[in-house]
Amino acid sequence: MYQLEVMNGPLDGKTWSFESEITIGRDEAQAHACISTDRYVSRRHARLYVEEAHLLLADLGSRNGVRVDGRALTGSATISSGQSFVVGRTELRVTELS
């Protein structure tokens with residue numbers, strides 16, 4: 001089980017739990033983790049998912065991209081529990097729950 005947490009902005013502290021996959025975006029109908037307050041977040045912006053015991057982050061073709069450690073993400077990348085990343089102008093962090 002994992003938890004996705006907003007680290008800044010008007011939704012600071014908001015969390016979503018997920019087991020194997022969660023979609024991040026601005027449109028509540030298309031994203032489980034809805035960040036409607038950030039106009040730089042696409043309707044379907046990014047996806048976090050578990051594959052072969054690794055946590056992966058993928059950009060879903062968003063206009064403003066995904067940044068991990070200050071670098072633009074192309075395609076998908078493995079991220080660690082506790083690592084933060086940015087979609088639009090919103091910083092998020094994913095942690096593994098025990």
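None of the values given here were measured: they were computed from a predicted structure. Both backbone and side-chain heavy atoms feed into the values below; hydrogens, waters and symmetry mates do not. This chain uses plain numbering: 1 for the first residue, then up along the sequence.
In this structure, Arg67 and Leu73 have side chains that are not in contact, with every pair of non-hydrogen atoms separated by 4.5 Å or more. By the 4.5 Å heavy-atom criterion applied to side chains, Leu92 and Ile35 are counted as neighbours. Using a 4.5 Å heavy-atom threshold, the side chains of Arg47 and Glu21 count as touching. At least one side-chain heavy atom of Val94 sits under 4.5 Å from a side-chain heavy atom of Leu55. Considering only heavy atoms from C-beta on, Asn64 stays 4.5 Å or farther from Val41 through its side chain. In this structure the side chain of Glu28 never reaches within 4.5 angstrom of the side chain of Ser36, judged on heavy atoms. Side-chain contact between Leu57 and Phe85: present, with at least one pair of heavy atoms (C-beta onward) separated by less than 4.5 Å. Between Val68 and Val86 there is no side-chain heavy-atom pair separated by less than 4.5 Å.
Across Asp59 and His45, no two heavy atoms sit closer than the pair OD1-O, 3.3 Å. The nearest pair of heavy atoms linking Val6 to Leu11 is CB-O, 3.4 Å. Contact detail for Glu91 and Ser84: the closest heavy-atom pair is OE2-OG, 3.1 Å. Nearest heavy atoms, Asp38 versus Arg26: O-CD, 3.8 Å. Closest approach of Gly25 to Ala31, counting heavy atoms only: N-CB, 3.3 Å. Scanning all heavy atoms of the two residues, the minimum distance from Ala58 to Tyr49 falls at CB-CE2, 4.0 Å.
Here the side chain of Ser80 pairs no donor or acceptor atom with the backbone of Gln83 at under 3.5 angstrom. Side chain of Thr15 to backbone of Leu4: no donor-acceptor contact under 3.5 angstrom is found. Side-chain atoms of Ser81 come within 3.5 Å of backbone atoms of Glu96 as a donor-acceptor pair (strictly under, hydrogens ignored).
For the atom pair Leu48 CG and His32 NE2, the distance stands at 12.0 Å (nearest 0.5 Å). Of the inter-residue distances, the one linking Arg44 atom CZ with Gln30 atom CD reads 6.5 Å to the nearest 0.5 angstrom. Between Lys14 atom NZ and Met7 atom CE the span is 15.5 Å, to the nearest 0.5 Å.
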